[in-house]
Amino acid sequence: MELTGAEIVVQSLIEEGVEHLFGYPGGAVLHIYDAIHRQDKLQHILVRHEQGATHAADGYARSTGKPGVVLVTSGPGATNAVTGIATAYMDSIPMVVLTGQVPKPLIGNDAFQEVDSVGITRPVVKHNFLIENVEDIATTIKKAFYVATTGRPGPVVVDIPKDITAAKAVFSYPREIKMRSYNPTVKGHPGQIKKALDIILSAKRPMIYTGGGVILSNASEALTEFARTLGAPITNTLMGLGAYPASDKQFVGMLGMHGTYEANMAMHNCDVLIAIGARFDDRVTGNLEKFCPDARIVHVDVDPASISKNVKVDVPIVGDVKQVMDGLNKLLAADKRHLEAGAMESWWQQIEEWRAQDCLKYDRDSDTIKPQYVVEQLHEATKGDAFVASDVGQHQMFAAQFYGFDKPRRWINSGGLGTMGFGLPAAMGVQVAFPDETVACITGEGSIQMCIQELATCLQYGLPVKIINLNNGYLGMVRQWQEFFYDKRYANSVMDVHPDFVALAEAYGHVGIRIDKPEDVRKALDDAVGKYKDRLVFLDFVIDREENVYPMIPAGAGLNEMILV
Amino acid sequence: MKHIISILLENESGALSRVAGLFSARAYNIESLTVAPTDDETLSRMTLVTSGTEEIVEQIMKQLNKLVDVVKLIDLTESGHIERELMLAKVQATGNARSEVKRLADIFRGSIIDVTDTTYTIEMTGKGDKLNAFLTALSSITIYEVVRSGAIGICRGEKSLSL
Ligand SMILES: Cc1cc2nc3c(=O)[nH]c(=O)nc-3n(C[C@H](O)[C@H](O)[C@H](O)COP(=O)(O)OP(=O)(O)OC[C@H]3O[C@@H](n4cnc5c(N)ncnc54)[C@H](O)[C@@H]3O)c2cc1C
Ligand SMILES: Cc1ncc(C[n+]2csc(CCOP(=O)(O)OP(=O)(O)O)c2C)c(N)n1
């Protein structure tokens, strides 16, 4: 049967198993919206800004592992989506973004609401397409999902001219797709896996460093088995939190700029580094010349370009983490060798000494609310089992350091691009996917104002996100750098003029609560997840204004040169 | 070191800008770039001359490979290869220069393909070095215009870049 291009778009999404679509209408996508209106399999969530749509789809993808899907109009719709696309790109999140385009005959004529969406998004997508014929819609959408979700995942943009959505063609959705130019390697080379194991088992001071790749690969169990069998210390990047249970004693915390002393010291002193699905980001390595001076390095990554990009490695294994770890675990189980017991004992003893430094300590007797305390209390109030989305800044680091994630896909944050404004829409996307779970958004008064309009979306769709605003009246992370490196000249980082968030939340139809005493923190959190379980609650915590994030590795320093409290 | 990278690309609109964009976004250097369809109309072949440390060239190869439109690629400089470039040069050809230009063109196996009372246009192919040497040899002559195609290349022997 012949369908219109718009109907083909919608049917293709349904064929892909898409249940939720985040978007915002406009001229170029009116046919598609009409096709959405005439069916009931696909739910469209109407956001209040296209940036919100992309972050929501992103949060949906991070929490479920399924690709997030976005629909926006041409021109300003597409440009508003760019920040969210770039955010997903930097963190390798699978997403398919459909952008409307002006009718084909008008392309290039500076037509109304025309921008070169394929050109603008090219540097921040895994791939993009401009569909030229109605007959190509189904295959192109199939390709888009295939590329977005396989290998190293990432966002794919599909630009669809309006006239093509009105034209007709016979619809048939391809079962499978092959692309001769795109064949990611997912199975690790057996020879390399063996070689890696030999090096690993010869270690006296092994260290496991894992990242977002473990989560993207759904390989937490395989990783946990590997780490437990080996008995080695393990650290996660900001993107990898939750891949290994934070409450386990082998876990030494996050590493990097605001990582723990024990994680960074263990990195610096290890003799074999096992890097898994992590990309040696500059926030993690510090000064490359001083990075892991004694270590031989094994690196598992699905993207060959991640390997030896910043740090030269000894045994690269190109492949999907899950598949490689399954292979390693099998070999390890069959191998009679172990890590040398004596060496491991002294290595752990050393690590415990570093741990005893208690680098995350803070003033628990303070009269003002400490942000760390709020996060710890949130952990307790939610039994450590909430989805926690975050914005960007000090609050993000406190959340990462103090929430203690035991499960993957619970920690939702923008690491690579560091996009303020990500938190609320991302939390919204998570809540759409998990309507019955607790979803918190840890934010600051700076970040929350970047996408605050989504409070209306939350009301419309009944999304009871718990907003934890750690309000210090500063762009805190900026202020901290100015305190340390610019002699406390707080140039444009003071943000003490902001709305009355309680009134604002109420104006949007939600519950707002201001908390300014430490003793009221817990009750407010309990109310948010208890009494107001089904409501969006905006908790405005008035916190210690000048609390800093410690430890910290200053620019140019090595991992063993941290600033401690 | 100089590297000549040959790439088979899907012959699709936008493929060229993906490669060009990659080089500018990652601050890699491009000395020359040529692209044209091949005998297989679904493919274009691009030849790219770049330079950088071994690490950078390794990253360039990996990043190119990652582009979804790139089907296959090879670093020609890693093994025996033939490199050619086409040059057209329009020079002054009056007085003594007229015979001197003809003589030099013959020595370098160039041919004069357009003649006026005052100019010669010379066509020459060869490796970049040879073309440079010819231009140096012309140093006493007024050169009006030089057009170079950028290098193309192919592997020696049986090795080939094809599907
Ligand atoms: C204010 C701020 C402070 C920060 N401070 C820190 C800090 O202290 N510590 C820290 O760690 N980070 C910090 N970051 C985050 C940092 O910028 C990077 O985003 C992060 O370190 C990258 O994490 P990752 O190495 O796990 O890589 P990711 O970006 O998660 O990349 C994943 C890697 O895994 C690979 N991969 C993907 N899928 C698979 C698969 N299926 N199989 C195999 N491999 C796969 C990818 O190719 C890639 O190489 C901070 C960010 C901000 C905004
Ligand atoms: C869109 C965007 N603009 C600017 C920045 C730079 N930046 C990083 S952290 C930060 C301050 C964040 O302030 P706030 O949200 O109040 O959180 P706090 O650090 O106080 O916890 C800024 C401005 C950014 N990351 N993203």
Side-chain angles (χ1 to χ4, degrees), chain A residues 86 89-90 92 104 107-108 116-133 136 140 143-144 146-148 150-159 161 177-185 279-280 288 301-313 316 318, chain B residues 3 5-30 33 35 37-46 48 50 52-75 78 160-163:
Chain A
Y89 179 68
M90 290 296 282
S92 307
K104 248 182 82 186
I107 290 182
D116 174 8
S117 299
V118 164
I120 288 175
T121 59
R122 187 180 301 118
V124 293
V125 293
K126 182 167 173 187
H127 196 58
N128 56 21
F129 300 92
L130 170 66
I131 303 187
E132 309 217 20
N133 300 297
D136 298 338
T140 309
K143 281 186 188 169
Y146 173 58
V147 171
T150 51
R152 179 179 183 165
V156 174
V157 165
V158 182
D159 201 25
I177 200 100
K178 267 220 165 81
M179 295 167 71
R180 62 178 174 185
S181 61
Y182 175 74
N183 293 294
T185 309
R279 58 183 173 83
F280 296 86
L288 283 173
D301 203 293
V302 77
D303 179 4
S306 278
I307 290 177
S308 293
K309 181 172 66 178
N310 303 330
V311 172
K312 194 116 197 96
V313 305
V318 177
Chain B
H3 288 257
I5 300 170
S6 261
I7 307 165
L8 286 179
L9 275 179
E10 293 290 359
N11 189 4
E12 271 173 25
S13 71
L16 171 63
S17 49
R18 288 183 211 281
V19 175
L22 171 69
F23 273 71
S24 61
R26 296 192 181 260
Y28 300 144
N29 134 43
I30 301 189
L33 183 158
V35 62
T38 63
D39 54 330
D40 174 348
E41 64 185 22
T42 65
L43 287 174
S44 330
R45 177 148 172 165
M46 176 183 281
L48 215 152
T50 183
T53 60
E54 287 312 302
E55 289 77 33
I56 289 179
V57 174
E58 185 185 326
Q59 263 300 310
I60 291 177
M61 295 293 285
K62 287 174 169 176
Q63 293 291 350
L64 282 169
N65 223 342
K66 217 168 126 172
L67 294 177
V68 170
D69 283 338
V70 168
V71 184
K72 229 172 168 183
L73 78 167
I74 189 172
D75 181 350
E78 273 182 354
S160 74
L161 177 66
S162 55
L163 290 191

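Quick note on labels: first sequence line is chain A, next is B, and so on, each numbered from 1.
Interface remark: S24(B) contributes no atoms to any contact with chain A (heavy atom separation under 4.5 Å). Both the backbone and the side chain of N128(A) have a heavy atom closer than 4.5 Å to some heavy atom of chain B. Both the backbone and the side chain of R180(A) have a heavy atom closer than 4.5 Å to some heavy atom of chain B. Neither the backbone nor the side chain of E12(B) comes within contact range of chain A; no heavy atom of the residue lies under 4.5 Å from a heavy atom of that chain. Neither the backbone nor the side chain of I56(B) comes within contact range of chain A, judged by heavy atoms closer than 4.5 Å. Looking at V70(B), only its backbone comes within 4.5 Å of chain A, counting heavy atoms on both sides.
To the nearest 0.5 Å, the span separating CG on L67(B) from CZ on R122(A) amounts to 10.5 Å. One distance of note links CZ of R18(B) with NE2 of H127(A); it measures 4.5 Å at 0.5 Å rounding.
Per-residue counts of heavy-atom pairs under 4.5 Å with chain B were compared for N183(A), D303(A), V118(A); the largest is that of D303(A).
Pairing each heavy atom of S181(A) with each of V68(B), the nearest pair is OG-O, 2.5 Å. Taking all atoms of both residues into account, the shortest heavy-atom contact from S13(B) to E132(A) is OG-OE2, 3.9 Å.
Contact annotation: the side chain of K66(B) approaches that of R152(A) to within less than 4.5 Å [non-hydrogen atoms, C-beta and beyond].
Although no hydrogens or angles enter the test, the distance criterion places a donor-acceptor pair under 3.5 Å between the side chain of K62(B) and the main chain of I307(A).
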